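Just so we're clear, the structure is a prediction, and the values are computed from it rather than from any experiment.
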Amino acid sequence: MDYYSSLIYGIVQGLTEFLPVSSSGHLGILPKLLNIHPPGVVFDLAMHVGTALAVSVYFKKDLKELFKSAIKLNFRRSTWNPGQLLAVNMILSTIVTVVFAFIIKDLAMTYRSVEIISFNLIGFGLLMWVSDLIGSKNVDSVMDKTGSGSKAILIGLSQVLALFPGVSRSGITLTAARFMNLSRDEASRYTFVLSLPLIIGGFIMKLPEFISSKQSFSISISLFGMFVSFIVGLLTIHLFLKIISKIGLSFFSIYRIILGAALLIF
């Protein structure tokens, strides 16, 4: 791994972690395109730290309000305010994802061929397109309302499918959210904030591998890649939220279909 490869990895990670195009699918084919060995667990951890920092910085106000609402939760009360309802839904989505991810993670590890990635890119790209076409144009919030718990559970369940490369965590959660009539903006913000505990969880799960690993690595190259993924991640979140209301998800669906077809052909 050199600085050039680290730059490419950082850019791809920062872009694809938040765009609905599958980060695992893109990162999986990078070693072949760059003709290098996979970067290893240390560099992978650095990429996760970079994107986690991007979410934390961009949504610092939202995260602060969610944290304040979460610590004030009283589960003996029959009613919660909108902030508390949103916090409960975030927690619920995360718990559902974590529980079912542990159940199917071994199965997901067996489906990592280029053909599987291609079919997932195309199939879930088409599904995302349909969800955006029929999704609500209403701008009213949904996930801070009473009775939205079932939506949080379904979004959490959908997120588990991202363990299969080519599905895309942001893509499948956006798809589920749009099918449940969240606006494009709310679906995007819910998806981005929901990514933080999972990115952190992925980091923690890889720590034992890092501790036991005897793989050599460059601290400076890893830090450089982390910095690149952080900056590109910030820009990606900002631009995506700016343009999503105008172009919708169809552009990303088309990109996924073209990429999936190209992988199958070449």
Working to the nearest 0.5 angstrom, can you tell me the gap between W80 CH2 and L85 CG? 7.0 Å
Determine whether F192 and L241 satisfy the following criterion, side chain to side chain contact (heavy atoms under 4.5 Å, CB included), listing intermediate values before the conclusion. CA-CA 10 Å; F192 288 148; L241 290 174; 3.9 Å; yes
Does S69 use its side chain to pair, donor to acceptor, with the backbone of L66 at less than 3.5 Å? no
Hey, what do you get for CZ (R189) to CG (L86), rounding to the nearest 0.5 Å? 11.5 Å
Does R169 use its side chain to pair, donor to acceptor, with the backbone of T191 at less than 3.5 Å? yes
Is the distance between the ring centroids of F240 and F252 less than 6.0 Å? yes
According to a 4.5 Å side-chain heavy-atom criterion applied to Ile, Leu, Val, Met, Phe, Trp and Tyr, with indirect links allowed, do I231 and V57 form part of one hydrophobic cluster? yes
Under 3.5 Å, is there a donor-acceptor pair between the side chain of S148 and the main chain of K151? no
Evaluation steps, side chain to side chain contact (heavy atoms under 4.5 Å, CB included), between L259 and H26: CA-CA 10 Å; L259 177 61; H26 283 76; 3.4 Å; yes
Please say which of F230, Y4, Y3 ends up in a ring pair (Phe, Tyr, Trp, His ring centres under 6.0 Å) with F224. Y3
Whether T16 side chain and S22 backbone form a donor-acceptor pair below 3.5 Å: no
Atom pair CD1 (I122) and CG (L127), whose distance is rounded to the nearest 0.5 Å: 14.0 Å
Hydrophobic cluster identity match, M109 and I103, side-chain contacts under 4.5 Å: no
Side chain proximity check, L121 to Y255, heavy atoms < 4.5 angstrom: no
How many angstroms lie between CD1 in I243 and NE2 in H238, if you round to the nearest 0.5 Å? 10.5 Å
Taking the side chain as C-beta and beyond, is there a heavy-atom pair between M128 and S168 under 4.5 Å? no
Does F100 CZ have over 12 foreign heavy atoms under 6.0 Å away? no
Which heavy atom of N138 sits nearest a heavy atom of S183, and at what distance? O-CB, 3.0 Å
Quick one: pull up CG in L196 and OH in Y58 and give me the separation to the nearest 0.5 Å. 15.5 Å
Pairwise side-chain contact, S158 with T173, heavy-atom cut-off 4.5 Å (strictly under): yes
Testing the 3.5 Å rule here: is there a donor-acceptor pair between the side chains of Q159 and T97? yes
Are I265 and L126 in one and the same hydrophobic cluster, where Ile, Leu, Val, Met, Phe, Trp and Tyr link if side-chain heavy atoms are under 4.5 Å apart? no
By side chain to side chain contact (heavy atoms under 4.5 Å, CB included) - contacts of L154 (at least two apart): L157, M180
Report yes or no: do S229 and Y9 form a side-chain donor-acceptor pair below 3.5 Å? no
Counting distance only, does the side-chain N/O of N120 pair as donor-acceptor with the main-chain N or O of P165 below 3.5 Å? yes
All salt bridge (Lys or Arg N to Asp or Glu O under 4.0 Å) counterparts of K105, not counting sequence neighbours: none
Among side-chain atoms of D185 and S188, is any donor-acceptor pair under 3.5 angstrom? no
Connected via hydrophobic side-chain network under 4.5 Å: L234 and I199: no
What distance do I237 atom CD1 and S195 atom OG have between them, rounded to the nearest 0.5 Å? 7.0 Å
Return yes if some donor-acceptor pair links the side-chain N/O of N89 with the main-chain N/O of A152 below 3.5 Å, else return no. no
Could you list the residues that satisfy side chain to side chain contact (heavy atoms under 4.5 Å, CB included) with V49, not counting sequence neighbours? L53, F203, M226
For atom NZ of K137, is the number of surrounding heavy atoms from other residues, nucleotides or ligands below 6.0 Å larger than 12? yes
Determine whether N181 and V142 make a side-chain contact, defined as any pair of heavy atoms from C-beta on separated by less than 4.5 Å. no
For R178, does its backbone N or O pair with a side-chain atom of R184 as donor and acceptor, under 3.5 Å? no
Student check: side-chain heavy atoms of S131 and F179 closer than 4.5 Å: yes
Taking the side chain as C-beta and beyond, is there a heavy-atom pair between I257 and I254 under 4.5 Å? no
I204 with I91, same ILVMFWY side-chain cluster at under 4.5 Å: yes
Under 3.5 Å donor-acceptor, D132 side chain and G248 backbone: no
L107 vs T110 side-chain heavy atoms within contact, under 4.5 Å: yes
Check this for me, if you would: do K68 and E65 make a salt bridge, where the nitrogen-to-carboxylate-oxygen distance has to be below 4.0 angstrom? yes
Would you find a donor on one side and an acceptor on the other, under 3.5 Å apart, between the side chain of Q84 and the backbone of N81? yes
Show your reasoning for whether side chain to side chain contact (heavy atoms under 4.5 Å, CB included) applies to L249 and I244. CA-CA 7 Å; L249 297 173; I244 185 63; 3.5 Å; yes
Is the backbone N or O of G125 less than 3.5 Å from a side-chain atom of S253, with the two atoms forming a donor-acceptor pair by type? yes
